[in-house]
Amino acid sequence: MKRIQIRATFLDEVSTDIPHHNWGYEEWDQDFQAMKAIGIDTVVMIRCGLEKFLAYPSELLIKERGAYRPPVDWVEMFLELAGKYGMRFFFGTYVGQRWWGDKRIDFATECALDKRIVAEAWERYGNYPAFQGWYLSKEIATYHAEIVDEFVELGQYCKKISGNLPILISPGMLGRKAWYNNEPEAHDLDFEKHLRDWDMIMGKISGTVDIVAFQDGHLIYEELPQALQINKALADKHGIECWTNSESFDRDMPFRFPPIKWEKLLLKLRAAQSVGVERAITFEFSHFMSPNSMWQSAHGLYKRYQEYLAGKFD
Amino acid sequence: MKRIQIRATFLDEVSTDIPHHNWGYEEWDQDFQAMKAIGIDTVVMIRCGLEKFLAYPSELLIKERGAYRPPVDWVEMFLELAGKYGMRFFFGTYVGQRWWGDKRIDFATECALDKRIVAEAWERYGNYPAFQGWYLSKEIATYHAEIVDEFVELGQYCKKISGNLPILISPGMLGRKAWYNNEPEAHDLDFEKHLRDWDMIMGKISGTVDIVAFQDGHLIYEELPQALQINKALADKHGIECWTNSESFDRDMPFRFPPIKWEKLLLKLRAAQSVGVERAITFEFSHFMSPNSMWQSAHGLYKRYQEYLAGKFD
Amino acid sequence: MKRIQIRATFLDEVSTDIPHHNWGYEEWDQDFQAMKAIGIDTVVMIRCGLEKFLAYPSELLIKERGAYRPPVDWVEMFLELAGKYGMRFFFGTYVGQRWWGDKRIDFATECALDKRIVAEAWERYGNYPAFQGWYLSKEIATYHAEIVDEFVELGQYCKKISGNLPILISPGMLGRKAWYNNEPEAHDLDFEKHLRDWDMIMGKISGTVDIVAFQDGHLIYEELPQALQINKALADKHGIECWTNSESFDRDMPFRFPPIKWEKLLLKLRAAQSVGVERAITFEFSHFMSPNSMWQSAHGLYKRYQEYLAGKFD
């Protein structure tokens, strides 16, 4: 029987809201082994920097933005480990502001900077065979003119300098759990607006963005099948590959965030499979599905997922 | 020396606010062993379903409510394990709405459905020797006419179909921590109202509900002895058995919920013992007291409780 | 190369907001070993009691305040273990109110009580060789007349009865994260007011308080170097020893609190070193840096810190 599989994971080393494992090379090597063992072939570094914290020693950001020189070059480490385990590595672009709802952001300046960082990174790491794609790290759930423009401009630039490597984005959906608001009065997804917005967005980014992987955790479970159907149909229409970002953390719990209940992950994977989606990425393996996670319930999730691969839940 | 003991635990597999362990049969077997080792003889499944998530494949709820078919039949698993370890299993009734403060709930319809689910469950599992009781899963802290009526109607129905198996409820108390509100201005328990309400409630449920186990975590510690005294006296008056639900999670911490400090659990157990309560149930063993818990501080609590049994804290 | 080191840690056994490990003597012994292995020579018990919960069986508080007799005498245990591992133990004074912003507090009465508790403790434990200092447990971030007065009065009393043992305080700084408020509109440190307030405070406590260790987690990282410079200069001016309280928990995460990212701790330690601070205390080793912590990410932090000591990050 055909089963949709989690073939990719984010790497969230410069994180916004996920507590840090404090792993060194050895622990990361072990975790890449665990990924490999369940069939993950692609790792996506979610961002190369967030404000002043960096995933590699970017001389540009250290000099121009006063960024902190990181104690480790995680980009180098991830590229080596991806190479060692035969995986593809996607490089996530820079996030200049944690709160980019901030009205004072000048997106043109940001985009210009983001391009120079991408150039610097390609200069430093482009020769690694595992460097196989780009991830545009800004997350939107609805139409946002400046960010959509940046997807095109920054994306085209990435493609140009790298010999057309594929580009991934992972948007949200504006459902009841989008802003961690799960009281009954929180609003559900406006399907019509979602369709209209993403038809427009995909129309613009088609030809630049190769893969779109919507986060599947913003919606109540009842809405997921219809939303995934819309996403898949739109992606097909615009010639974009459609993955699902099947989140492995639980958005229904009173603290942010523990690993998800296996039943829920299974439900979400099957919903994606039922509309023809063939690949899932997850946010993210190391904290929420890994036998090495700080959360012991992730160890259970790993075992259950292995049983799934072995056909136990067919 | 006589020491009050934790002889029962809830099983919170379809949970509202406790992150899931993602255990399979093997891990659960191990956890039942750990329960048995400290003298637990009764396991109480807190609910057989919550909205669309189910603890067993209820064809009724799958068909009529669009519930999700669970990947595992936990009721069957728990009944087998309870049988294996010589424990009693209490079946928790269905929870149709997570937020049942919602004014739009039609309790008559809910109660009618709940009875049909109970019938379905008894039909499926009534032959397991470990099936030894019922748990009415709605939690109230004060008088609530419709829910008290349901306790009687649903409870009588459970007794009738099952040859009079015992029935348990586990109410709250409207103290300072009842709604996770531990600022100084939050109100303390209104002892008079508590006594008045529960005298009325117990008057109505007497003859149906056999055991009442108030949650002991809603109050500041200073109020607990007096509240427990009231509860025990009322239960005696109305011919109901009085346990204490000695919660093993900590309501005083900034995230919900870690395992409790042993000192606090000991304090609460002793407060119950001092008014003549002889049995405690806990919410719940597997996350908050178990050597298998995802929270390592639960492993410590297990060791301290073992020392307590051995007389170390006498 | 000279590297600033963490030479001290708080012990947070009677805690306000850190979930309890539920360790017994054996587990604590193991943790003291782990402290010793990275060069910690001083342990500071953060408080001897909080409202009705106590770190030792204070007959005074049990009788006069209805405090609970603790199941274990942690003060005795810590003094024994500190002695065993050749460490100094600082005794933290009593905290009568969890919320001491409360206007109704009568500080004179509190201070009188605090002195009697200190006397009781010295009577009980003063003969332990490891009893080597006092920690005044009230935390202020700005000028607070009554508490500064108490620092002097209580501090002088501690010195008098104990043959002049050294006294430590660990204040906050009123920055963006001081009240767990990390939205962009939260206010940054007012450097001028901070300087003015602490010049005045140190003027008053000089000659009583021997060591001041500001908490380094209330500020955004950008502000830390300037704030530390002010603190060090003021301490030098007033003849007070200046440590840094380099917090090992992460204030940037959505739940309170996981272990900090190693990169951030390193950044903070280096900021302190750059202004001439030579010793760090941390809040606190056992939960956030220990190989025995309930948080597995603390195990990683311990390994990284060991690599730091070995020169890996020079």
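Throughout, protein chains are lettered first and strands after them, A, B, ... in sequence-line order, and every chain is numbered starting at 1.
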Original post:
Taking Phe10(B) as the fixed residue, which of Phe249(B), Phe78(B), Tyr135(B) is the one that meets the ring pair (Phe, Tyr, Trp, His ring centres under 6.0 Å) rule?
Top reply: Tyr135(B)
**OP:** Heavy-atom pairs under 4.5 Å with chain B are the metric here; pick the option from Pro259(A), Ser297(A), Gly300(A), Pro258(A) that has the most.
**Re:** Ser297(A)
**OP:** Using a cut-off of under 4.5 Å on heavy-atom pairs, state which of Trp295(B), Trp23(B), Tyr68(B) scores highest against chain A.
**Re:** Tyr68(B)
Subject >> Min side-chain heavy-atom separation Asn231(A)-Met173(A) under 4.5 Å >> reply: yes
Original post:
Tell me, side chain or backbone of Leu267(A) under 4.5 Å from chain B's heavy atoms, or both, or neither?
Top reply: side chain
Original post:
With a 4.0 Å cut-off, would you call Arg69(B) and Glu263(A) a salt bridge?
Top reply: no
Original post:
Checking Tyr221(A) against chain B: side chain, backbone, both or neither under 4.5 Å from a heavy atom?
Top reply: both
**OP:** Below 4.5 Å from any heavy atom of chain B, which atoms of Lys303(A) appear? Answer side chain, backbone, both or neither.
**Re:** side chain
**OP:** Side chain from CB out, backbone as N, CA, C, O: work out which of these in Glu307(A) comes under 4.5 Å of a heavy atom of chain B, or both, or neither.
**Re:** neither
Original post:
Hey, are the side chains of Phe285(A) and Val43(A) touching, using non-hydrogen atoms and a 4.5 Å cut-off?
Top reply: no
Original post:
Quick one: does Met289(A)'s side chain get under 4.5 Å of Ile6(A)'s, heavy atoms only?
Top reply: yes
